[in-house]
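The block underneath contains the structure these notes are about, expressed in structure tokens.
Below, chain A is the first sequence line, B the second, and so on; all start at residue 1. The model shown is predicted, which means the values in this text are computed figures rather than measured ones.
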Amino acid sequence: MSGHSSYQPKTGIERWLDARLPIVRLMHDSAVSYPVPRNLNLLWTFGGILVFMLVAQIVTGVILAMHYTPNATMAFNSVEHIMRDVNFGWLLRYLHSNGASMFFVAVYIHIFRGLYYGSYKAPREVLWILGVIIFLLMMATAFMGYVLPWGQMSFWGATVITNLFSALPVIGETIVTFLWGGYSVDNPTLNRFFSLHFLLPFMIAGVVVLHIWALHHVGQNNPTGVEVKDVKKDTVPFTPYATIKDLFGMVCFMLVFAWFVFYQPNFMGHADNYIPANPASTPAHIVPEWYFLPFYAILRAIPDKLGGVIAMGGAIVILAFLPWIDTSKVKSMTYRPIARQFFWMFVLVCIGLGYLGAMPADEPYVTLSRILTVLYFGFFLALALIGIFERPAQLPTSIADSVLGGSGARLGHATASEPQAKG
Amino acid sequence: MSLRLSLAGLVTGLAIAVASPVLAAEAGPKPPAQSWSFSGPFGKFDQAQLQRGFKVAKEVCASCHAMSLIRFRNLSQPGGPGFTASQVAALAASYTNIKDGPNESGEMFERPGRPADAFPAPFANEQAARAANGGAYPPPIDMLAKARTYTRGFPTFVFDIFTQYQEQGPDYIVALLTGYKDPPKEFPPLLPGQNYNTYMPGHLIAMPKPLNDGQVEYPKGPDGKSPVPETTEQYAKDVAAFMMWMAEPHLEARKRMGFQVMIFLALFAGLLYFTKKKVWARLPEHASTH
């Protein structure tokens, strides 16, 4: 969408390189002159935050792997060796374990932002599906990473989750044996999970490149959901406008991240994972990490094992079909009075499912999670139906109008409050 | 004496708690919150308390529980109990039967301890520990302060983010060590090797009451008396603080660095905010030229 490149090689070396490998031009076009809608709010900084988190996880993870031993008899103590004897090992490990949680905080905000502003709709379907693939890869990576300390929750979490595949007819048992590298979760499981945990982040990085490519091809959505009509009026260059804003959002996010790392490093973990894995002793409650809890609640809500697995998988996969499920042509829920209410209900349902996922599988939690599971999928049905009869509010004619006109004040830019800019 | 037997039980108790969800469901009252010198953003360990806690751990707990993640040298490292290097060397040397080897002739041998050695475990392995403790396994206590907790519940766990409360482990340990009571009348009769504890999930614990008033002699102050009372409560608090240090030996360094990082990030965020405002303030002209 950027049109002609505005890159002007200034020195002889730049001109020489540009004629052979226009890599500086590529960087200039995608991070300097790339036009971004001028009305983006701070929720749009989470893409940059997620790139930062991915890099941070890879850097801390690679260093941790230098000190970690993926062996069932030594893994637990090697993590304690990192915590006690490696210089700043405690910092690396807490950055990495809390980093996983903060990665999911950021990705959930990013996904809900996309849901609210209709960022999945044409022409951004492929961009959105790539995002769902990244989300799935993240879940696999985080799950395998949680197994590595080889504590009680690592071991029993791995046992419960890998066992889910046994629900699949015919091939289920074979898949589970293949995942385990044997007939129970044991040393071979730990070895392959470590290997895959190292590999998957680089696959995520690859899909992130496609995600950003797709984004830069179709251009960013924005809070009005109205596409860019006039690049000069509706957009601003990425640098300095988006760069400085993303940086500000990123540092604010790092404040929250640092709060947990330095002051509450075990808040999002589970105490049982400081007990070494013991195949002979099952913990009272096997609970996955918090970011899996809504899906865990859906899994347990279905009385049938295979049904539960399908429902849990479906809860994620259905996101990929959202561009075709939602029948409304209007992107932003700001202009969709009915869908907006359903959106906020959906947010509450997801939080409720998260709470229920952490509770024991007793009444009333089971019934409640069944109701919320129905509501979870009901949201997607509602999106399919609402679009048919909903009468959306009047859309602004352009992004520039929304910023400089009356409705711009709510979208929160200094420009909106400039009186001379009106009209 | 019964101290040996005494340490037997968390695992058996836990196993019973797991096996009988009814008992687990009626887990006792929540452990009362203690005041800890290491809580909050500026928390630091109380060196004198850690030294007393170490004395309790060494003289009472270590007769059944391992704490082998701790090496003698850790006792003199910054942010810990603050023993001197020579005290640590003397302490390590007081353990004369550290297994080492093989030597040139291929024999294993025993030698006095060195500061780099791990704290010796009382039993060679879990089976030996169980055999000596009536079938119950006294778990290692080096990680227990982080490996034990209790349910905070909603909405308390949300407030904990802001109050930085994270001392569930030590609070639970103090409550457990001081929670030995006679079972209530309606409670089923105790079997041999079972003890009643108010705070143990399911109330049944194999470890007999480990701490009693006056059991451990504390260092004397200038007036010839211990500056803190030699009571079960005080022992429990001191050993729980020591266990917290064993579980998180770099806690002080972490919180100190945390404050520096927070100050830096807050200032940086502030500067970025005003820079952003300034940059975006150019926009009206930009818009009006079109």
Q: Could you check which of A:Asn77, A:Leu247, A:Val251 has the highest count of heavy-atom pairs closer than 4.5 Å to chain B?
A: A:Val251
**Q.** For A:Tyr241 against B:Leu283, the heavy-atom pair lying closest together
**A.** CE2-CG, 3.8 Å
Q. Does any heavy atom of chain A fall under 4.5 Å from the side chain of B:Ile161, the backbone, both, or neither of them?
A. both
(Q) Is it the case that the side chain of B:Gln166 and the backbone of A:Tyr263 share a donor-acceptor pair, with hydrogens and angles ignored and the cut-off at 3.5 Å? (A) yes
Q: Please name all residues satisfying side-chain contact (heavy atoms from CB on, under 4.5 Å) with B:Arg114, sequence neighbours left out, ordered by chain then number.
A: B:Asp100, B:Arg111, B:Asp117
Q. With a 4.5 angstrom heavy-atom cut-off, which part of A:Leu255 approaches chain B: side chain, backbone, both or neither?
A. both
Q: Please say whether more than 12 non-hydrogen atoms of neighbouring residues, nucleotides or ligands are located less than 6.0 Å from NZ in A:Lys229.
A: yes
Q) Among A:His270, A:Glu80, A:His285, which residue forms the greatest number of heavy-atom pairs with chain B at distances under 4.5 Å? A) A:Glu80
(Q) Within this structure, what is the NE2-CH2 distance for the pair B:His250 and A:Trp90, rounded to the nearest 0.5 Å? (A) 8.5 Å
Q.
Using heavy-atom distances under 4.5 Å, tell me whether A:Gln264 contacts chain B through its side chain, its backbone, both, or neither.
A. both
Q: For the residue pair B:Lys146 and A:Asn273, establish whether any side-chain heavy-atom pair is separated by less than 4.5 Å.
A: no
(Q) Non-hydrogen contacts under 4.5 angstrom with chain A: give the residues of residues 256-265 of chain B involved, or none if there are none. (A) B:Met257, B:Gly258, B:Phe259, B:Val261, B:Met262, B:Leu265
(Q) Per the side chain to side chain donor-acceptor pair (under 3.5 Å) rule, what does the pair list look like for residues 73-82 of chain B, sequence neighbours excluded? (A) A:Asp85-B:Arg73, B:Asn74-B:Gln77
(Q) Could you work out, with side-chain hydrogen bond (donor to acceptor under 3.5 Å, both in side chains) as the rule, every residue matching A:Thr60, not counting sequence neighbours? (A) A:His96
Q.
If I take atom CZ from residue A:Arg38 and atom CH2 from residue B:Trp280, how far apart are they, to the nearest 0.5 angstrom?
A. 7.5 Å
Q: Measure the spacing between CZ of A:Arg84 and CD of B:Glu248 and express it to the nearest 0.5 Å.
A: 8.5 Å
(Q) Please report the interatomic distance CD(B:Gln164) to CZ(A:Phe260), rounded to the nearest 0.5 Å. (A) 10.0 Å
Q: Using non-hydrogen atoms and a 4.5 Å limit, figure out which bit of B:Pro249 sits close to chain A: side chain, backbone, both or neither.
A: side chain
Q. More than 12 foreign heavy atoms under 6.0 Å from OH of B:Tyr273: is that the case here?
A. no
Q: Report, as yes or no, whether the 6.0 Å neighbourhood of atom CG on A:Asn87 holds more than 12 heavy atoms from other residues, nucleotides or ligands.
A: no
Q) Relative to chain A, which segment of B:Phe162 carries a heavy atom at a distance below 4.5 Å: side chain, backbone, both, or neither? A) backbone
**Q.** Over all atoms of both residues, closest heavy-atom pair of B:Ala147 and A:Asp272
**A.** O-OD1, 4.3 Å
